[in-house]
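Input: a single structure, listed below in structure tokens.
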Amino acid sequence: MEDRIFLSSPHMSGREEFYIHNAFETNWIAPLGPNVDAFETEMAEYVGMNGAAALSSGTAAIHIALQLLDVNRGDTVFCSSLTFIASANPIIYQGAEPVFIDSEPDTWNMSPQALEAALKEAENEGKLPKAVIVVNLYGQSAKMEEIVSLCDQYGVPVIEDAAESLGSSYKGRKSGTFGKFGIYSFNGNKIITTSGGGMLVSDDEEALRKARFLATQARDPAPHYQHSKLGFNYRMSNILAGIGRAQLEVLDERVAARRAVFERYTESLGVLEWVEFMPELEGTMSNRWLTAVTVDQERLGISPMDLINALAEENIEARPVWKPLHLQPLFKGAKYYPHEAACSVSDYLFATGLCLPSGSNMTVEEQIRVIRTVKKAVRSTLAV
Ligand SMILES: *Cc1c(COP(=O)(O)O)cnc(C)c1O
């Protein structure tokens, strides 16, 4: 059996141990310290926002953002449907109710049209959402201009879930900087990683101070241990922040490498009639965290799952596109607004889509192995 090709595996720069070593030398082995402070400053600088708060995960960052926006029991929060469950789980942590918004075909992300319908209806019912969580899937920015303008019109703050789109840009500005809050993830499979971790960014430095307070058990400024608010243990470790600093130094290289993987796939597979690649909206630059495609099952004779299984037989990891949250048993009964009455784009993308291995550390040989395996799987079924 040939070596396993992973969907997206950690890719160290070699500088990580320098920062980790520093943490050990100075005995900053804690969820605070110089690496944490520096990582926050460097991230804020990179994305172009006033400040950042380093947290234990992207999920924690969304959870804190919801608290800062005063989301509570009985409130509603709108969220993209086509995403990883972590985008919406914090809504439930706060006892609020998620309402899911469909994708549109140009970006696979939140449909402004569906969002507008949902906002209109919510206003008529006198119950606007407390926040809108917009996801940038697989590195591609949503139509942020339209979405932010709609949300401004209704006075609803935006949380940009940029967990998958760090390093991407939208009309010259970094992804994750378009809402009141942006969140990033440094989970092991993301474009850069700290093994696990997340970041909350904002221009509102007062809100970020509050975020750090909530993330360290909400301890009041008193010499004894006094608490008047519910807090969490959500800060990032100074060791992991060291890994993050070294990873941030090579982020742009990682983006270029992932885009090169995407290019190779489009050059070799793009000529085939039965495959379509996730688009890149004009004026945006996607980090191409994962190369996602849809396949024409009728033409091809096999489903995305068959293709994933064929790759698995060759020890290659591929995955279906995220299962939309409005289809998840956990969210059964939640309200859902499709792109058009008779057309749910996220259902279509889920039924036809898959993600190919896209790690920035993939060799050219590995990329060719993936391409060969896909072509072989298709040839065999076309011959049947
Ligand atoms: C990974 C991811 C998250 C969660 O980040 P963690 O750091 O794993 O908690 C949230 N949203 C999206 C879209 C993600 O892909």
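Atoms within a ligand are numbered from 1 in the order they appear, just like the ligands themselves.
Closest to atom 8 (O) of ligand 1 by heavy atom, among Ile62, Asn187, Leu290, Asn189, is Asn187. For the residues Pro90, Gly188, Ala86, Gly196, the heavy atom positioned nearest atom 4 (C) of ligand 1 is part of Ala86. Around atom 12 (C) of ligand 1, the closest heavy atom drawn from Ser80, Ala163, Ala162, Ala88 belongs to Ala163.
A salt bridge is defined here as a Lys NZ or Arg NE, NH1 or NH2 lying under 4.0 Å from an Asp or Glu carboxylate O, and Glu317 with Arg319 meets this definition. Under the 4.0 Å criterion applied to side-chain N and carboxylate O atoms, Glu164 and Lys190 are not assigned as salt-bridge partners. In this structure, Glu40 pairs ionically with Arg235, as a charged nitrogen and a carboxylate oxygen lie closer than 4.0 Å.
Heavy-atom separations between Gly198 and ligand 1 are all 4.0 Å or longer. Using 4.0 Å as the threshold, Gly197 has a heavy atom nearer than that to some atom of ligand 1.
Considering only non-hydrogen protein atoms, atom 2 (C) of ligand 1 sits nearest to Lys190 NZ, 2.8 Å. Counting protein heavy atoms only, atom 15 (O) of ligand 1 is closest to Glu164 OE2, 2.6 Å. Counting only heavy atoms of the protein, atom 11 (N) of ligand 1 lies nearest to Asp161 OD2, 2.8 Å.
By the criterion of a heavy-atom distance under 4.0 Å, both the backbone and the side chain of Thr59 are placed next to ligand 1.
A cation-pi arrangement is present between Arg288 and Phe262, with the terminal nitrogen or guanidinium carbon under 6.0 Å from the aromatic centre and inside a 45° cone about the axis.
Counted by atom type alone, Ser165 and Asn136 present one or more donor-acceptor pairs between their side chains at under 3.5 Å. When only modelled atom types and interatomic distance are considered, Asn109 and Tyr138 share no side-chain donor-acceptor pair under 3.5 Å. At a cut-off of 3.5 Å, with distance as the only test, no side-chain donor of Gln140 or Glu280 sits close to an acceptor on the other residue.
For the pair Trp289 and ligand 1, the shortest N or O to N or O distance does not fall below 3.5 Å.
Proximity to Ser57 (heavy-atom distance under 4.0 Å) selects the following atoms of ligand 1: 7 (O), 9 (O). Set against the non-hydrogen atoms of Thr83, the atoms of ligand 1 under 4.0 Å away are 13 (C).
Separating the OG1 atom in Thr26 from the CG atom in Asn238 is a distance of 6.5 Å, to the nearest 0.5 Å.
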